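Here the structure comes first, spelled out in structure tokens, and everything after it is commentary.
Just so it is clear: chains get the letters A, B, ... in the order the sequence lines come, proteins before strands, and each one is counted from 1. The structure presented is a predicted model; accordingly, all values stated were derived computationally and were not measured. No hydrogens, no waters, no symmetry mates; every other heavy atom, side chains included, goes into these values.
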There are 2 protein chains.
Amino acid sequence: MAGPKWLDSEEMKAWRLYITTSVDLMKALEDDVRPFGLTMGDYQLLAMISEAPDRRLRMCDLADQLRLSRSGLTRRMDGVLSNAWVARVQDQADRRVAYAELTTKGWNLLRKVAPIHLASVRRLMIDHLTRAEVKAIGSAFEKISNNLHP
Amino acid sequence: MAGPKWLDSEEMKAWRLYITTSVDLMKALEDDVRPFGLTMGDYQLLAMISEAPDRRLRMCDLADQLRLSRSGLTRRMDGVLSNAWVARVQDQADRRVAYAELTTKGWNLLRKVAPIHLASVRRLMIDHLTRAEVKAIGSAFEKISNNLHP
DNA sequence: GAAGATTGGTTGCGATCACAACTATTTCGG
DNA sequence: CCGAAATAGTTGTGATCGCAACCAATCTTC
């Protein structure tokens, strides 16, 4: 590695605040979707599907995008399936493949919750930041992400 | 709330990259401490205790700093206690209180792992950022944190 | 100084999730 | 084509962690 072994105080400050605050932030966002019977995991699943063509996504791709293992996704699907927010659709061409498809009920729920969730993201994070900080976070995590995914 | 309901594209980019990349980053850091028989949770526990006076911390304070529930900490302690990295010390003055105290074995382990962990933080995150981005992340999460903890 | 509230910590239980092993289907090498 | 390898998804198992209920010790209030 190029850099010295330790982090200087600016770096350490950024690292520590980032790590601890991220946990708190997630819990606060979780609190804000709970009244709708959703976890953040559920919300992200619904949001991810809603942006895909035909509001459906292969299980495999969905797992990748949600950073879940395939077994993790199978279990998470149990919840959204039993609530009928998502339907399971078997692919006719390749019968190994199943799609997760947003139902009308799921779509309606998401339309109701999304503005509230995004308002939470604003209230808890974005509204406290300068435009420069927003851009810096975007570019910083973009570089970190590019390095992580070769 | 003051702001508009939706996030603009800069804000959305920052938010999404932050959320997804944070998960990936955590997994990568986890991979780097695993060879030492540690989880990131264990590492953070040891690191937190090591910075306290006498390298000991009340269970309660430790739980707060690690963002764990008290029961969560009890269970996590099982691991570090059975590895004898941490010892349980009962307070004589207030007999409700237990301290988690870093053992010599735990201290030696931490001295070995800390440089490697910090090198990972550099390699995976800090070294990819400009000084301005590091400062922006520090100030941004500081403000988010201040808002979260009233 | 005794009753009730508060604080510190553990335990029972349920939810979430990853890994490994498994089944089913498709694709590829020869 | 046929068998081997790859791909998609599920299930068994174990780890982690929060909530609620609990016990024990201390503090508070009258």
Side-chain angles (χ1 to χ4, degrees), chain A residues 20 22-24 26-31 33-35 37-46 48-49 52 56-83 86-101, chain B residues 20 22-24 26-31 33-35 37-46 48-49 52 56-83 86-101:
Chain A
T20 62
S22 291
V23 177
D24 298 335
M26 263 306 156
K27 288 180 181 174
L29 290 168
E30 202 85 48
D31 292 342
V33 295
R34 188 170 308 119
L38 289 170
T39 63
M40 274 298 291
D42 293 333
Y43 178 84
Q44 288 178 325
L45 185 152
L46 299 181
M48 201 66 82
I49 300 177
R56 62 161 58 175
L57 222 43
R58 288 161 52 118
M59 292 284 285
C60 212
D61 299 335
L62 189 51
D64 286 348
Q65 292 187 41
L66 294 174
R67 268 62 179 177
L68 280 178
S69 69
R70 273 161 324 166
S71 68
L73 178 57
T74 295
R75 265 62 180 261
R76 171 153 318 157
M77 287 287 291
D78 292 347
V80 294
L81 285 173
S82 67
N83 281 294
V86 172
R88 198 187 156 73
V89 180
Q90 206 71 28
D91 188 316
Q92 293 309 313
D94 185 340
R95 293 188 318 181
R96 292 169 302 184
V97 171
Y99 291 93
E101 182 174 299
Chain B
T20 61
S22 291
V23 177
D24 298 335
M26 263 306 155
K27 289 180 181 175
L29 290 168
E30 204 85 48
D31 292 341
V33 295
R34 188 171 307 120
L38 289 170
T39 64
M40 273 300 290
D42 292 334
Y43 177 84
Q44 288 178 324
L45 185 152
L46 299 181
M48 201 66 82
I49 301 178
R56 61 161 59 175
L57 222 43
R58 287 161 52 119
M59 292 284 285
C60 212
D61 299 335
L62 188 51
D64 286 348
Q65 292 187 42
L66 294 174
R67 268 63 179 177
L68 280 179
S69 68
R70 279 171 312 184
S71 68
L73 178 57
T74 296
R75 266 63 178 262
R76 174 157 314 160
M77 287 287 290
D78 292 347
V80 293
L81 285 173
S82 67
N83 281 295
V86 173
R88 201 188 153 71
V89 180
Q90 206 73 26
D91 188 315
Q92 293 308 313
D94 184 340
R95 294 188 316 181
R96 290 170 302 185
V97 172
Y99 292 93
E101 183 175 299

Checklist entry - Mind checking what makes ring pair (Phe, Tyr, Trp, His ring centres under 6.0 Å) contact with A/Tyr43, not counting sequence neighbours? => result A/His117

Item to check | Residues touching DNA chain C, which here means a heavy atom under 4.0 Å, drawn from residues 92-101 of chain A | outcome: A/Ala93, A/Asp94, A/Arg95, A/Arg96

Next on the checklist: OP1 or OP2 of D/dT10 versus the side-chain N and O atoms of A/Arg88: is any pair under 4.0 Å?
Outcome noted: yes

Checklist entry - On a plain distance test, is the side chain of A/Ser71 in donor-acceptor contact with the base of C/dC19 below 3.5 Å? => result yes

Checklist entry - Which pair of non-hydrogen atoms, one from B/Gln65 and one from B/Met48, has the smallest distance, and what is that distance? => result OE1-SD, 3.0 Å

Next on the checklist: Check whether B/Asp61 reaches the backbone of B/Leu57 with its side chain - one donor and one acceptor, N or O, closer than 3.5 Å.
Outcome noted: no

Item to check | Integer-rounded Å distance: D/dC23 C1' and B/Gln90 CD | outcome: 13 Å

Checklist entry - Quick one: B/Met26 CE to D/dT16 P, roughly how many Å, whole number? => result 16 Å

Checklist entry - What pair of heavy atoms forms the shortest contact from A/Ser69 to A/Ala63, and how long is it? => result O-CB, 4.1 Å

Item to check | Stacked cation flag A/Arg56 on A/Tyr99, 6.0 angstrom / 45 deg | outcome: yes

Next on the checklist: Pick the closest DNA chain C nucleotide for B/Arg34 and for A/Asp42 by heavy atoms, then say which residue is nearer the 5' end.
Outcome noted: A/Asp42

Checklist entry - Looking at B/Arg76, does any N or O in its side chain come under 4.0 Å of the phosphate oxygens OP1/OP2 on D/dC17? => result yes

Checklist entry - Please give, in whole Å, the distance from C/dT25 P to A/Asp91 CG? => result 13 Å

Checklist outcome for this item: Rounded to whole Å, CG of B/Asp31 lies from P of C/dA18 at a distance of 13 Å

Item to check | Under-4.0 Å side-chain N/O to phosphate OP1/OP2 contact, B/Arg75 with D/dA15 | outcome: no

Checklist outcome for this item: Whole-Å distance, B/Leu81 CG to C/dT10 C1', equals 13 Å

Next on the checklist: Whole angstroms only, please: what is the CE-P distance between A/Met40 and D/dG18?
Outcome noted: 17 Å

Item to check | From C/dT16, C/dG8, D/dG9, nucleotide with atom closest to A/Cys60 side chain | outcome: D/dG9

Checklist outcome for this item: Rounded to whole Å, the NZ-C1' distance (A/Lys27 to D/dG18) equals 9 Å

Next on the checklist: Check this for me, if you would: do A/Arg75 and A/Asp78 make a salt bridge, where the nitrogen-to-carboxylate-oxygen distance has to be below 4.0 angstrom?
Outcome noted: no

Next on the checklist: Could you tell me how far apart A/Arg58 (CZ) and C/dT26 (C1') are, to the nearest whole angstrom?
Outcome noted: 12 Å

Checklist entry - For A/Leu68, which contact category applies under a 4.0 Å heavy-atom criterion: base, sugar-phosphate, or nothing? => result sugar-phosphate

Next on the checklist: I'd like to know if B/Lys27 and B/Asp24 make a salt bridge, using a cut-off of under 4.0 Å between side-chain N and carboxylate O.
Outcome noted: no

